[in-house]
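What follows is a set of notes on a single structure, which appears directly below.
Both counts, for ligands and for their atoms, begin at 1 and track the order of listing. Quick note: numbers below take in every heavy atom, side chains included, and nothing from hydrogens, waters or symmetry partners.
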Amino acid sequence: MCGIVGYVGPKNATSLLVDGLKRLEYRGYDSAGVSLMNGAGVETRKAKGKIAMLEKAIGAHPIKGNVGIAHTRWATHGPPNECNAHPHHDCTGTISVVHNGIIENYSPLRDMLKKTGHTFVSDTDTEVLAHLIEAAFDGNLEEAVVDALALVEGTYGIAVISSRDPEKIVAARKGSPLLIGLGEGENYVASDVAAILQHTRHVVYLDDGEMAVLTRDAYRVTDLNAQTVKKRVSRIDWDLEQIEKGGFAHFMLKEIMEQPQSIENTMRGRSVDEDGFSKLGGLNLSKDELQHFDHIIITACGTSWHSALIGKMMIEEHARIRCEVEYASEFRYRNPIVTDRTLCIAISQSGETADTLAAMREAKRRGAKTLGLVNVVGSTIAREDDGGIYLHAGPEIGVASTKAFTSQVVALTLLTLKLARLRTMSVVQGRDVTQALERLPQQVQSILDRAAEIEQIAEAFVEAKNFLYLGRGYNFPVALEGALKLKEISYIHAEGYPAAEMKHGPIALIDENMPVVFIAPHDSVFDKVVSNVQEVKARGGRVIVITSRDEPSLEGKIDYEIRIPETIDMLNPILAVIPLQLLAYYIAAKRGLNVDQPRNLAKSVTVE
Ligand code: M6R
């Protein structure tokens with residue numbers, strides 16, 4: 001995730017800003033940059049890759065100054081390279097901007113600015129901000145920032161400097177965190193307190209719609225109508241390690257808890273409610289091409305393969321296109337049927353998984369069009385596919401994939417909408433889906449708010465040796481995902497099965513030592529799953545049920561129940577997987593295991 005740090009004071013800002021960026025490295029980033037007021041103007045250094053590369057660039061041409069801003073970028077618009085790294089500038093090079101968030105209407109704004117003579121050098125949404133501020137500038141930086149932000153839709157946390165109003169930093173926030181750090185004769189701005197903690201523990205958190213003007217000796221917070229806002233100064237008592245993990249014990253828990261925001265980010269600007277449609281700019285496929293496909297292959301590994309199974313069900317049910325899901329490692333060595341009417345979708349959080357990349361290349365070689373559903377912008381799959389959908393879930397650091405899974409299912413839903421509305425799905429059916437999507441972040445939050453209940457259930461299973469996860473329809477892949485989460489971080493043997501398959505073998509395993517997790521929201525196959533619960537209970541199994549309503553026939557047959565809100569069938573996996581992620585997490589944490597880096601596993605499997 002992108003990071004911001006800014007400084008105004010008596011010290012040389014270069015090393016202070018670079019040190020601040022290093023404190024933000026844990027958030028994940030792909031490039032970095034710094035701008036300083038050097039006495040004559042704004043001077044900038046940027047580099048692709050690690051902060052060490054930025055240090056090298058600065059070392060080659062040192063800069064000095066007492067006012068500056070710096071940034072670590074996690075690419076969203078345009079690949080990670082030096083040009084797209086922040087800070088970004090206006091045409092005159094006198095304004096410098098760093099930005100976290102997404103400017104949704106950057107494309108029309110860019111067109112408008114180009115028509116009035118502005119020249120753009122990067123692919124980023126951020127660069128429009130620098131040019132908008134330039135267009136509005138009339139001697140006072142904060143006034144220009146207010147005018148520019150009035151034209152912007154989307155989310156931002158920004159810090160801006162200008163050599164035409166050189167003694168200050170202007171910062172503003174909407175939907176992306178930003179705080180001010182207070183020092184003696186110096187002030188800071190940062191997106192994350194970790195960046196400035198070594199200098200001050202006194203901070204002011206900005207709220208959405210607020211702007212701050214920082215000078216050496218003072219700061220002022222206003223709303224976007226220039227009305228002063230009185231703010232409280234908070235004292236930070238956390239240490240650095242606590243802050244990096246947002247106060248959570250592990251990145252995995254932090255990432256589970258981030259899902260209301262990550263889901264929102266995947267949907268942002270893409271789900272069009274009035275038309276029951278989705279806007280997916282990156283597909284690079286015309287309407288005719290989208291209608292031409294009669295066969296889809298989705299290829300992936302691990303958790304991404306599970307989301308692929310859900311995608312298949314959605315696409316076949318709603319878009320009525322034949323769809324197969326292939327383990328990437330198998331697909332690459334088969335002799336699969338691929339025609340010019342085949343669309344191959346490669347799903348990968350990292351965009352670097354060797355098997356998935358090879359499978360996508362093989363499908364392309366055989367004549368298929370390829371789409372990547374990828375989280376890491378500029379990754380190899382994203383560069384080599386014909387088009388794609390970025391997940392925008394933010395960096396996933398825990399080895400166990402959590403927020404990428406829910407974002408993958410959201411992205412697959414948006415793709416299904418697109419394909420289905422071009423075929424048989426009506427506006428009204430489309431709207432049911434877009435409205436259900438809009439409700440998701442708040443519904444996920446309501447489950448997360450009850451994490452303590454799940455932690456208590458986990459307590460009862462810390463010593464378990466085996467686990468069975470059962471679900472039907474859209475929830476069968478959720479059963480697989482629940483089992484994978486548990487086994488990879490807790491080392492407890494776990495299997496996922498379609499609930500009705502149990503009687504063809506696994507039922508032999510059931511006794512009082514076998515916990516069985518049923519994923520049973522009230523959907524079209526709920527009654528069938530109820531019978532399977534009864535079969536397990538009759539054999540003494542310990543039953544945990546994830547469900548969405550009271551069911552009288554289950555009374556006395558359930559040992560533990562976890563409630564989730566109701567949604568449409570195809571979105572149940574997003575809600576049902578949350579308790580399973582938490583259950584796996586709490587069991588592993590209570591076993592004292594290294595949850596974020598389980599043994600033998602890597603975050604990105606770049607070998608065959
Ligand atoms: O980066 P990818 O989505 O391509 O990774 C695929 C799998 O390696 C990954 O999902 C793995 O199964 C996770 N550890 C699951 O939590």
Side-chain angles (χ1 to χ4, degrees), residues 28 30 250-256 259 262 266 298-311 325-332 344-361 370-385 388-412 469 477-492 494-496 573 577-578 580-585 587-588 593-608:
D30 46 50
H250 296 98
F251 282 110
M252 181 181 175
L253 185 57
K254 174 172 177 267
E255 286 157 10
I256 292 172
Q259 287 175 106
S262 51
T266 307
I298 315 183
T299 188
C301 305
T303 287
S304 300
W305 187 79
H306 298 153
S307 71
L309 292 175
I310 297 165
V325 174
E326 296 261 8
Y327 278 117
S329 51
E330 292 296 315
F331 179 83
R332 59 187 296 194
C344 171
I345 304 171
I347 306 183
S348 173
Q349 186 287 130
S350 60
E352 301 293 351
T353 301
D355 286 323
T356 311
L357 177 61
M360 187 185 83
R361 284 179 178 156
T370 57
L371 287 184
L373 254 70
V374 168
N375 195 33
V376 180
V377 174
S379 55
T380 312
I381 290 178
R383 288 200 308 274
E384 292 193 17
D385 60 20
I389 308 173
Y390 279 124
L391 302 181
H392 295 318
E396 198 180 61
I397 292 165
V399 163
S401 188
T402 52
K403 61 178 181 172
F405 175 80
T406 45
S407 283
Q408 286 164 352
V409 179
V410 169
L412 284 161
Y469 288 75
V478 181
L480 295 177
E481 176 60 7
L484 176 63
K485 282 298 81 95
L486 185 71
K487 67 184 133 194
E488 71 178 324
I489 59 169
S490 73
Y491 318 144
I492 295 173
E495 289 193 55
V577 81
I578 307 285
L580 303 187
Q581 295 171 344
L582 286 168
L583 186 66
Y585 169 76
I587 291 176
L593 297 169
N594 184 349
V595 174
D596 286 332
Q597 283 168 334
R599 69 185 179 205
N600 308 335
L601 283 171
K603 182 65 187 159
S604 174
V605 185
T606 52
V607 290
E608 201 183 328

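The only option from M252, E255, K485 that meets the side chain to side chain contact (heavy atoms under 4.5 Å, CB included) definition with Y585 turns out to be M252. Partner of I256 under the side chain to side chain contact (heavy atoms under 4.5 Å, CB included) criterion, chosen from V577, T406, L582: L582.
Put simply, no part of L601 is less than 4.0 Å from ligand 1, judged by heavy atoms.
Ranking protein heavy atoms by distance to atom 7 (C) of ligand 1, first place goes to C301 O, 3.7 Å. Looking only at protein heavy atoms, the nearest one to atom 8 (O) of ligand 1 is V605 CG2, 4.1 Å. Protein heavy atom at the shortest distance from atom 5 (O) of ligand 1 is T353 OG1, 3.5 Å. The closest protein non-hydrogen atom to atom 1 (O) of ligand 1 is S350 OG, 2.7 Å.
More than 12 heavy atoms of other shown residues, nucleotides or ligands fall within 6.0 angstrom of atom CD in E384.
Using a 30° and 60° split on the angle between ring planes, W305 and Y327 fall in the parallel class, below 30°.
A salt bridge does not link E396 to K403: none of the charged nitrogens lies less than 4.0 Å from a carboxylate oxygen.
Residue S348 has at least one N or O atom closer than 3.5 Å to an N or O atom of ligand 1.
Close approach to T303 involves these atoms of ligand 1, each under 4.0 Å from a residue heavy atom: 10 (O), 12 (O), 15 (C), 16 (O). Contact atoms of ligand 1 toward A400: 16 (O) (distance under 4.0 Å to a heavy atom of the residue). Within the listing of ligand 1, atoms 1 (O), 2 (P), 3 (O), 4 (O) sit less than 4.0 angstrom from a heavy atom of Q349. Atoms of ligand 1 found under 4.0 Å from any heavy atom of V399, numbered from 1 in the order shown, are 13 (C), 14 (N), 16 (O). Close approach to K485 involves these atoms of ligand 1, each under 4.0 Å from a residue heavy atom: 15 (C), 16 (O). The contact set between ligand 1 and S401, taken as ligand atoms under 4.0 Å from a residue heavy atom, comprises 15 (C), 16 (O). Listed by atom number, the atoms of ligand 1 under 4.0 Å from E488 heavy atoms are 13 (C), 14 (N), 15 (C), 16 (O).
Counting heavy atoms only, S304 comes closest to atom 3 (O) of ligand 1 of the residues S304, G302, A300.
No hydrogens or angles considered: a donor-acceptor pair under 3.5 Å links the side chains of S304 and Q408. No side-chain donor from either of S401 and Q349 sits under 3.5 Å from a side-chain acceptor of the other.
A distance of 7.0 Å separates CG of L371 from CG of D385, quoted to the nearest 0.5 Å.
Listed for the T266 side chain is no donor-acceptor partner under 3.5 Å among the backbone atoms of H392.
Of all the heavy atoms of E352, none lies under 4.0 Å from any atom of ligand 1, so neither backbone nor side chain is involved.
No side-chain heavy atom of L412 sits less than 4.5 Å from a side-chain heavy atom of I310.
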